[in-house]
Structures are given as structure tokens and as C-alpha cells.
Amino acid sequence: TQLLEQSPQFLSIQEGENLTVYCNSSSVFSSLQWYRQEPGEGPVLLVTVVTGGEVKKLKRLTFQFGDARKDSSLHITAAQPGDTGLYLCAGGDYKLSFGAGTTVTVRA
Amino acid sequence: DAGVTQSPTHLIKTRGQQVTLRCSPISGHKSVSWYQQVLGQGPQFIFQYYEKEERGRGNFPDRFSARQFPNYSSELNVNALLLGDSALYLCASTDWAYNEQFFGPGTRLTVL
């Protein structure tokens with residue numbers, strides 16, 4: 001089983017601040033996905049990173065895949081209350097392994 | 001286009017009962033996966049079906065079973081329910097072109 005560890009577990013910031021969420025593993029992944037999940041709903045796919053060292057930007061969100069393809073990070077610039085949610089990283093082929101998630105709260 | 005659909009949205013059962021959850025994948029997707037998410041944790045893989053064949057199974061007891069139909073929809077069955085089976089059950093549909101999984105809204109199962 002490939003394990004993914006996310007940090008921090010909880011993050012509470014003021015609107016307009018920046019934040020970074022980390023996803024680490026001792027295993028190499030062919031790709032990693034980032035999802036956002038709101039209470040009582042299913043995870044929504046944000047991005048897939050495939051190439052070591054890859055950086056992808058989605059508006060105010062920046063995703064990075066480590067050179068060794070064992071870790072990834074999600075950086076949000078100028079966070080807004082709408083960014084509040086559970087952020088999950090996941091890796092694997094047909095059998096996704098998920099981290100425990102980072103709960104992000106952005107206060108207005 | 002419709003996304004992944006799941007039914008029912010909520011379900012309450014008592015210990016020892018059996019439950020069936022249903023999922024329809026995104027049109028054109030032939031693969032369905034099932035995950036269990038307990039409160040405070042990330043989803044855990046239960047099964048994947050592709051073209052009606054079981055492709056993989058996670059670390060779950062034999063009380064959990066699933067099947068996929070010719071129209072690619074799927075059912076997850078759980079027998080002899082335990083309190084610990086209370087969770088959000090998620091179905092995901094796979095786009096193999098990009099190896100990406102898209103999740104439905106889930107079924108919230110409560111076992112009393």
C-alpha cells in the first residue's frame with residue numbers, strides 16, 4: 001500500500017492570506033491528483049500532475065510535483081472564503097490511495 | 001453532461017441488515033470504483049470494476065461485494081452491517097485517457 005501523508009491537518013487563515021498544503025510519500029507515484037471536498041459531498045478533482053518537477057496553475061492555485069515524484073504541494077494565493085474545504089491528495093493507478101486531508105478554513 | 005450519480009443520498013440501517021448502493025458513471029466511462037470515507041479520513045478503496053469484471057479489491061471483508069451491469073452502472077452490497085460500516089460511500093468513474101477519477105456525491109450510510 002502506498003501511503004500519502006498530508007500536512008498540516010488543519011489550517012485557518014484570514015481572507016487575503018496565502019497558504020500551502022503538503023503531500024508526502026516514501027513511494028514514487030506515476031501521477032498525483034488534488035481534490036477539494038465540501039461537507040457531505042464527493043471530492044472534486046482540481047488537477048493531475050504527472051511529470052517530476054511539474055508546476056500547474058489554476059487561477060490562484062499553484063500545484064507542484066516533486067522532482068522524485070514522491071511529494072506534491074498546493075499553494076493558494078490571496079485565499080477567499082470560497083476556498084474553504086477539505087483538500088485531499090491521491091495517487092496510484094486504478095486504486096487511488098488518499099491522504100487524510102487538510103481542512104482549510106478561510107475567515108472573511 | 002451528467003456527472004456520476006449515486007442513490008440513495010442517505011440511508012439508515014440497523015446492525016445485521018443488508019444494504020445496496022447504486023452508481024451510474026459518466027457517459028462513455030466503462031470503469032467504476034467504490035470508496036469508503038469515514039469521518040476525518042480520506043477515502044479508502046473498496047473495489048474497481050472495468051467492463052463488468054472486478055479489476056481490484058481493497059482490504060475489506062467478504063461482507064462487501066459489488067457488480068457492474070452491461071450499461072456500466074454498478075451496485076455495492078454490504079451484508080451483516082456493523083456500526084463501523086457507517087460512512088460516506090463514494091463511487092468514481094474513470095477517464096482512462098488521463099487516468100483521472102471523478103466522484104459522485106456519495107451515499108451517507110448510518111448504521112444504528
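The chains referred to below are lettered A, B, ... by the order of the sequence lines, with proteins before strands, and numbering in each begins at 1. Because only heavy atoms are used, hydrogens play no part in the values below, and waters and symmetry mates are left out as well, while side chains stay in.
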Picking from [options], which has the most non-hydrogen pairs under 4.5 angstrom with chain A?
options	value
B/Leu90, B/Asn99, B/Val4, B/Asn59	B/Asn99
B/Gly42, B/Ser31, B/Cys91, B/Pro43	B/Pro43
B/Gln6, B/Gln41, B/Gln37	B/Gln37

Please classify the contact of [X] with chain A as side chain, backbone, both or neither, using a heavy-atom distance under 4.5 Å.
X	result
B/Gln101	both
B/Phe47	neither
B/Thr94	neither

Heavy atoms of other groups near [X] [atom1], more than 12 under 6.0 Å:
X	atom1	result
B/Lys52	NZ	yes
B/Leu83	CG	yes
B/Arg15	CZ	no
B/Gln18	CD	yes

Going hydrophobic residue to hydrophobic residue with side-chain gaps under 4.5 angstrom, can you get from [X] over to [Y]?
X	Y	result
B/Ile26	B/Tyr49	no
B/Phe60	B/Trp34	yes
A/Leu4	A/Leu11	yes
A/Leu74	A/Tyr22	no

_Working to the nearest 0.5 angstrom, can you tell me the gap between B/Gln44 CD and A/Lys95 NZ?_
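Taking CD in B/Gln44 and NZ in A/Lys95, the distance rounds to 10.0 Å.
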
*Report the distance from atom CZ of B/Phe103 to atom OH of A/Tyr35, rounding to the nearest 0.5 Å.*
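Answer for the CZ-OH pair, B/Phe103 versus A/Tyr35, is 4.5 Å.
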
_Between A/Leu96 and chain B, with a heavy-atom cut-off of 4.5 Å, which part of the residue counts as in contact: side chain, backbone, both or neither?_
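Both parts, backbone and side chain.
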
*Which atoms of A/Gln37 approach chain B - backbone, side chain, both or neither, heavy atom under 4.5 Å*: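 A/Gln37 touches chain B through side-chain heavy atoms alone.
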
_Closest non-hydrogen atom pair, A/Glu41 against B/Leu88_ =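 It is O-CD2, 3.9 Å.
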
